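What follows is a single structure, written as structure tokens, with notes after it.
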Amino acid sequence: MVRQLVSMMICVLACVAPASVHFASAQTVRPQMEQGIAAIPPTPEIAQGLFDLQDAPVITRDEAAVPGWSVSQGGRVVGHIASTWEIARSVGYSGRPLDVMVAIGPQGRIVGARLMQHNEPILTLGLTDQDIARFVDGFAGIDLTNPDGAGDGPDMPDIISRATVSTGVIRDSILRTARTLAIGRGLLPGGGIDRISFEAKDWPTLIAENAISHSVVTLDTARAALSGAKVPVPAGDAPFIEVWVALADPPTIGRNILGQQQYTRAVGALGPGDVVLFVASRGLHSHRGTDWRKTGVFDRIVLVQGDRRVPITDAGYVRVDKLATAGAPETKERSLFTIPPDGFDPTRPFTLELTATRPDSAGNDLSFVIDVPYALPETHLVPPPPEAAPLWQLTWQDKRFAVISVAAMQIILTLILLFQESVVRRPKLWRAIRLGFLTTTLVWLGWILNGQLSVVQVVAFVHSLLNGFRWETFLIEPVIFTLWAGVGLGLLFWGRGVFCGWLCPFGALQELSNVIAQRLGVPQIKVPHALHERLWIIKYTLFVAILALSFYSMTQALILAEAEPFKTAISMQMMRAWPFVAFVLVLLTAGLFIERFYCRYLCPLGAALAIPAKLKIFDWLHRRPQCGRECRLCETKCTVGAIDPLGRINPNECVLCLRCQVVMNDAATCPVLKRRQRATPAVGGSSA
């Protein structure tokens, strides 16, 4: 259920978020960024600290399928190091590279980790680099065969609550990099050839499972390809060459093809990392030829894997006299070739290129190539140990009830807004619903679930689009993700008011405190409309400043983002230094006299939401021709001053509280309805 809910929310955000517009451009920007950033190589001093060595070791760069560094001391390899940026392309909450050096020992355990590079705004969260370093150090000793702590190693270090996304990305990238490095260096089973399992199978079954690749070229095809040859190829449908290719190392393949004795002799003579290639053919052309007897190289065949061409020599060559498996075809030549491990990975797809050559009448060679692609089926590979579940999956599982409650709040709010006509005609019902929902938003969503959205998340989202968008970075915070999913959809249907008016805990705190202030007789200040409109500039300027500054320094941008009181009042519940608490108290005090003072003039998040809210499809709030001309009551009642003197509602400022709709439909309040009621008896009397 949790995965289905996450999938649905991803689809919603993919449809409504700017990612759908900018994802293509992000995919083109990201490779350019990655090419320009290199992993920081470890120094001998760093390696000495990671492996707790007495003396500085020797570090050797390994340019293998899994790049990294080997660490040696006294002629003995003591372990390996890899970079999370190089292996896992780890990107933090800031959208910038996050690089951790991960060291593993010969037993397949993490022996140490060191934070090398980050751009995370941890200082603004009340954390230091030492806090993150202690978290990274906690991975020492983790058993990669049981990364979730089921083995005899230590448990995973706890995620730092105030830096959930950053430390979550660090956790996942360390585990992924260490596991990939351990498998690549042969310290963990996984990805290698299964040399133990055996199941009796006949030739047609091996062909059907792609354990043996097959290709055939007819005489007519070869004749056309070698047209002009001095000795022409005969015409016909018979095979010019029919070839079969397989890796014989897995017993289910090699033992079935060769038989027990011949298979044992073939694999018993292999050196470390060597593999056995089986090739059989029939037809007019030979896959072996005769020149190899003089040169030691089988010049007619070569292995191609990526950009690398692997020649096949007579070292380890064995001629096979007969095939043991049932259903095998009649073949002319059968060969076993030993392929050394230098640059060749038998677990990856490769192609056997077989070249046919004939001289023409002028003495020049005519040739064409027959390609036989091969990929060892996964059933013949050793399965790797289970990978640790990504943190976002564990988090969603742990917080599934919180997610369900937030989704339920959004569903209830949707019903309120869809059936608002029935609600606004009952002022007492509307007020009960309004105050009850805001109280739930403040206490449950804000103080208990810490579900307060922030302009910081908007900035991080923009940077992720430019530096490489990754869903898992945002999925680490289930409550926040669920909120954004609903808010993103709500922006299309109703505008920014879905969040600002109903789901913002700090907005709820302001409105509820103002309700209490009004009941206590605190006078309300009416800001002149001309000044009111000009003060809007502050929050839009603040949002643009935070976003622009983030491209220069994310840390400085988040310091400026402290203009948001959300972290102090909601996330940390006033448990901060006195200047932050004093700032919140000033804003709340101002809100006692000017309802939603902060929302009106200072909130950069509200400004950020107002921009995409321009895409709002529907206009759910009703107005009458008399509004602003004969009556300005709604203007005076508006919570945030979103109604101008002409009676028009500014969707950029409206928080969708529905108060104006209540006034319009209340016959005891709305002057237009009052006048209609007075006119109705008179009309009835004259008709009588």
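Fair warning: this is a prediction, and the values are worked out from it, not measured in the lab.
Pro44 and Pro57 get closest at one heavy-atom pair: O-CD, 3.4 Å. Nearest heavy-atom pair, Pro42 versus Met101, reported as atom, atom and distance to 0.1 Å: CD-CE, 3.8 Å. Contact detail for Leu50 and Gly112: the closest heavy-atom pair is CD2-C, 3.8 Å.
Counting only heavy atoms from C-beta outward, the side chains of Tyr374 and Ile212 never approach each other to under 4.5 Å. Within the 4.5 Å cutoff, the side chain of Leu354 has no heavy atoms near those of the Val372 side chain. With a 4.5 Å cut-off on side-chain heavy atoms, Ile339 and Ile312 count as touching. In this structure, Arg114 and Val136 have side chains that are not in contact, with every pair of non-hydrogen atoms separated by 4.5 Å or more. Ile241 is not listed as a side-chain neighbour of Leu284, based on a closest heavy-atom distance of 4.5 Å or more. Asp360 has its side chain out of reach of Lys230: every pair of non-hydrogen atoms, C-beta onward, lies at least 4.5 Å apart. Using a 4.5 Å cut-off on side-chain heavy atoms (C-beta onward), Arg348 and Gln305 make contact. Looking only at side-chain heavy atoms (C-beta outward), Phe368 and Thr355 stay at 4.5 Å or farther from each other.
Checking Val318, Leu270, Ile253 one by one against Val276, the side chain to side chain contact (heavy atoms under 4.5 Å, CB included) holds for a single residue, Leu270. For the side chain to side chain contact (heavy atoms under 4.5 Å, CB included) test with Thr84, the passing option among Val102, Asp172, Leu115 is Val102; the others fail.
Asp314 places no side-chain N or O within 3.5 Å of a backbone atom of Tyr317 that could act as its donor or acceptor partner. Of the possible donor and acceptor atoms, none in the side chain of Gln262 sits under 3.5 Å from a partner among the backbone N and O of Val320. Looking at Thr218, its side chain never comes within 3.5 Å of a backbone N or O of Ala238 through a donor-acceptor pair. Judged by distance alone, with hydrogens and angles left aside, the side-chain atoms of Thr221 form no donor-acceptor pair with the main-chain N or O of Val217 at under 3.5 Å. Judged by distance alone, with hydrogens and angles left aside, the side-chain atoms of Arg308 form a donor-acceptor pair with the main-chain N or O of Asp342 at under 3.5 Å.
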Quiz item: After noting the C-alpha distance and the side-chain angles of Arg300 and His287, does the key distance pass the side-chain contact (heavy atoms from CB on, under 4.5 Å) rule?
Solution: CA-CA 6 Å; Arg300 295 189 177 187; His287 71 263; over 6 Å; no
Quiz item: Please walk me through it: do Thr60 and Trp69 pass side-chain contact (heavy atoms from CB on, under 4.5 Å)?
Solution: CA-CA 5 Å; Thr60 306; Trp69 295 267; over 6 Å; no
Exercise. Please test Phe481 against Phe474 for ring pair (Phe, Tyr, Trp, His ring centres under 6.0 Å), starting from the C-alpha separation and ending with a verdict.
Key: CA-CA 7 Å; Phe481 186 89; Phe474 298 91; 8.0 Å; no
Practice problem: For side-chain contact (heavy atoms from CB on, under 4.5 Å), just list the numbers for Leu303 and Phe337, CA-CA rounded to whole Å, side-chain angles, deciding distance to a tenth of an Å, and then say yes or no. | Solution: CA-CA 11 Å; Leu303 295 184; Phe337 302 103; over 6 Å; no
Quiz item: Given Asn256 and Thr325, is the side-chain hydrogen bond (donor to acceptor under 3.5 Å, both in side chains) satisfied, shown in steps?
Solution: CA-CA 5 Å; Asn256 278 310; Thr325 185; 5.3 Å; no
Quiz item: Arg171 and Phe139: side-chain contact (heavy atoms from CB on, under 4.5 Å), yes or no, with the steps?
Solution: CA-CA 8 Å; Arg171 170 200 182 272; Phe139 287 87; 3.8 Å; yes
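Side chains of Arg319 and Ser335: a donor-acceptor N/O pair is absent below 3.5 angstrom, by distance only. Neither side chain, Asp365 nor Ser367, offers a donor N or O lying under 3.5 Å from an acceptor on the other. A donor and an acceptor atom, one from each side chain of His380 and Thr252, are nowhere located under 3.5 Å apart. Donor-acceptor pairing under 3.5 Å is lacking for the side chains of Thr180 and Thr177.
Both tests pass for Arg89 against the ring of Trp85: distance under 6.0 Å to the centre and angle within 45° of the axis. The cationic atom of Arg334 (NZ for Lys, CZ for Arg) does not lie both less than 6.0 Å from the six-membered ring centre of Phe278 and within 45° of the ring axis.
Atom-to-atom distance recorded for Thr351:OG1 and Asp371:CG is 6.0 Å, nearest 0.5 angstrom. The distance from the CD1 atom of Ile257 to the CH2 atom of Trp244 is 11.5 Å, given to the nearest 0.5 Å. Annotation: the span from Glu242 atom CD to Lys332 atom NZ amounts to 13.0 Å, rounded to 0.5 Å. Atom-to-atom distance recorded for Asp99:CG and Ile87:CD1 is 10.5 Å, nearest 0.5 angstrom. Here the CG-CD1 distance, from Leu247 to Ile193, works out to 6.0 Å after rounding to the nearest 0.5 Å. Put simply, NE2 on His80 and CD1 on Ile104 are 6.0 Å apart, with the number rounded to the nearest 0.5 Å.
The residues Arg61 and Glu86 are annotated as salt-bridged, a charged nitrogen and a carboxylate oxygen being separated by less than 4.0 angstrom.
Phe298 and Trp292 have parallel rings, their planes meeting at less than 30° on a 0 to 90° scale where 60° marks the start of perpendicular.
In Glu45, the CD atom is crowded: over 12 heavy atoms of neighbouring residues, nucleotides or ligands sit closer than 6.0 Å. Within a 6.0 Å radius of CD in Glu330, other residues, nucleotides and ligands contribute 12 heavy atoms or fewer.
Under the salt bridge (Lys or Arg N to Asp or Glu O under 4.0 Å) criterion, Arg185 pairs with Asp62, sequence neighbours left out.
Residue pairs meeting the side chain to side chain donor-acceptor pair (under 3.5 Å) criterion with at least one member in residues 200-212, sequence neighbours excluded, are Lys201-Glu209, Asp202-Thr205.
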